[in-house]
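Keep in mind that the numbers below use all heavy atoms, side chains included, and drop hydrogens, waters and symmetry copies. Everything numeric in this text was worked out from a predicted model, so none of it was measured. Position 1 is the first residue of the sequence, and the numbers go up from there.
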Amino acid sequence: MQAALEITARYCRNEMEQYGRCVAASPTSWQTDCHSLRLSMSRCAATHPIVQRIREDCAEPFVAFEQCLKENQASVLNCSEHVNAFLRCAERVKLLA
């Protein structure tokens, strides 16, 4: 697992698992159905210093990834390039920390 996902999994495992189950159970409506779980996971992860730095340094690729998800709700696999760009950025931040 890379950077932010690794930290989230380590410190916010329950929130991440609940969100993942919701997304898997709602492939066409996950963005609406899982919104509160996403917020819960985000609040948990936001307290970690490395995550805070990733959010600052990788805001642009993350926004592009979120926009792709909004535009491709029925086919999130279309966003693999966007998520990979974000993860590469997050890895660089993690290595510098």
Side-chain angles (χ1 to χ4, degrees):
M1 235 181 224
Q2 290 102 349
L5 295 177
E6 179 181 308
I7 293 161
T8 303
R10 183 178 303 149
Y11 297 103
C12 306
R13 179 173 300 279
N14 291 336
E15 291 87 347
M16 188 173 185
E17 288 176 355
Q18 288 175 2
Y19 178 66
R21 283 193 298 270
C22 182
V23 170
S26 306
T28 60
S29 59
W30 63 270
Q31 199 159 9
T32 303
D33 295 350
C34 307
H35 183 69
S36 64
L37 293 171
R38 177 178 171 251
L39 292 177
S40 176
M41 183 178 66
S42 295
R43 279 191 298 271
C44 178
T47 62
H48 196 280
I50 293 175
V51 173
Q52 291 173 348
R53 182 143 178 224
I54 289 169
R55 289 176 62 188
E56 291 172 9
D57 293 358
C58 303
E60 187 177 321
F62 184 74
V63 168
F65 171 57
E66 280 197 323
Q67 184 63 35
C68 182
L69 289 177
K70 288 178 187 176
E71 294 171 359
N72 294 279
Q73 289 185 31
S75 185
V76 296
L77 294 177
N78 291 341
C79 301
S80 61
E81 181 180 322
H82 293 85
V83 75
N84 287 333
F86 170 72
L87 292 174
R88 282 191 302 273
C89 179
E91 276 298 314
R92 285 192 301 273
V93 169
K94 183 182 171 192
L95 292 173
L96 296 173

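In this structure, the separation between CD1 on Ile50 and CG on Asp57 is 12.0 Å, given to the nearest 0.5 Å. Here the straight-line distance linking atom CD of Glu91 with atom CZ of Phe86 works out to 10.5 Å at 0.5 Å rounding. Here the SG-NZ distance, from Cys79 to Lys70, works out to 12.0 Å after rounding to the nearest 0.5 Å. Note: Asn84 CG to Cys89 SG = 13.0 Å, rounded to the nearest 0.5 Å.
Ile54 is not listed as a side-chain neighbour of Phe62, based on a closest heavy-atom distance of 4.5 Å or more. At least one side-chain heavy atom of Leu39 sits less than 4.5 Å from a side-chain heavy atom of His35. For the pair Trp30/Cys22, no side-chain contact is recorded, criterion being any heavy-atom separation below 4.5 Å from C-beta on.
Evaluation of the salt bridge (Lys or Arg N to Asp or Glu O under 4.0 Å) test over residues 16-36, restricted to residues two or more places apart or in two chains, returns Arg13-Glu17.
Between Glu15 and Met41, the shortest heavy-atom contact is CB-CA, 3.7 Å. Here the shortest heavy-atom pairing between His82 and Ala64 reads CD2-O, 3.6 Å. Closest non-hydrogen pair, Val93 versus Cys58, comes out as CG2-SG, 3.9 Å.
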Discussion item. Please determine whether side chain to side chain donor-acceptor pair (under 3.5 Å) holds for the pair Gln52 and Glu56, giving the CA-CA distance in whole Å, both sets of side-chain angles, and the decisive distance to 0.1 Å.
Written reply: CA-CA 6 Å; Gln52 291 173 348; Glu56 291 172 9; over 6 Å; no
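With Thr47 contributing its side chain and Cys44 its backbone, the two residues share a donor-acceptor pair below 3.5 Å.
Atom CD of Gln73 has more than 12 neighbouring heavy atoms from other residues, nucleotides or ligands inside a 6.0 Å radius.
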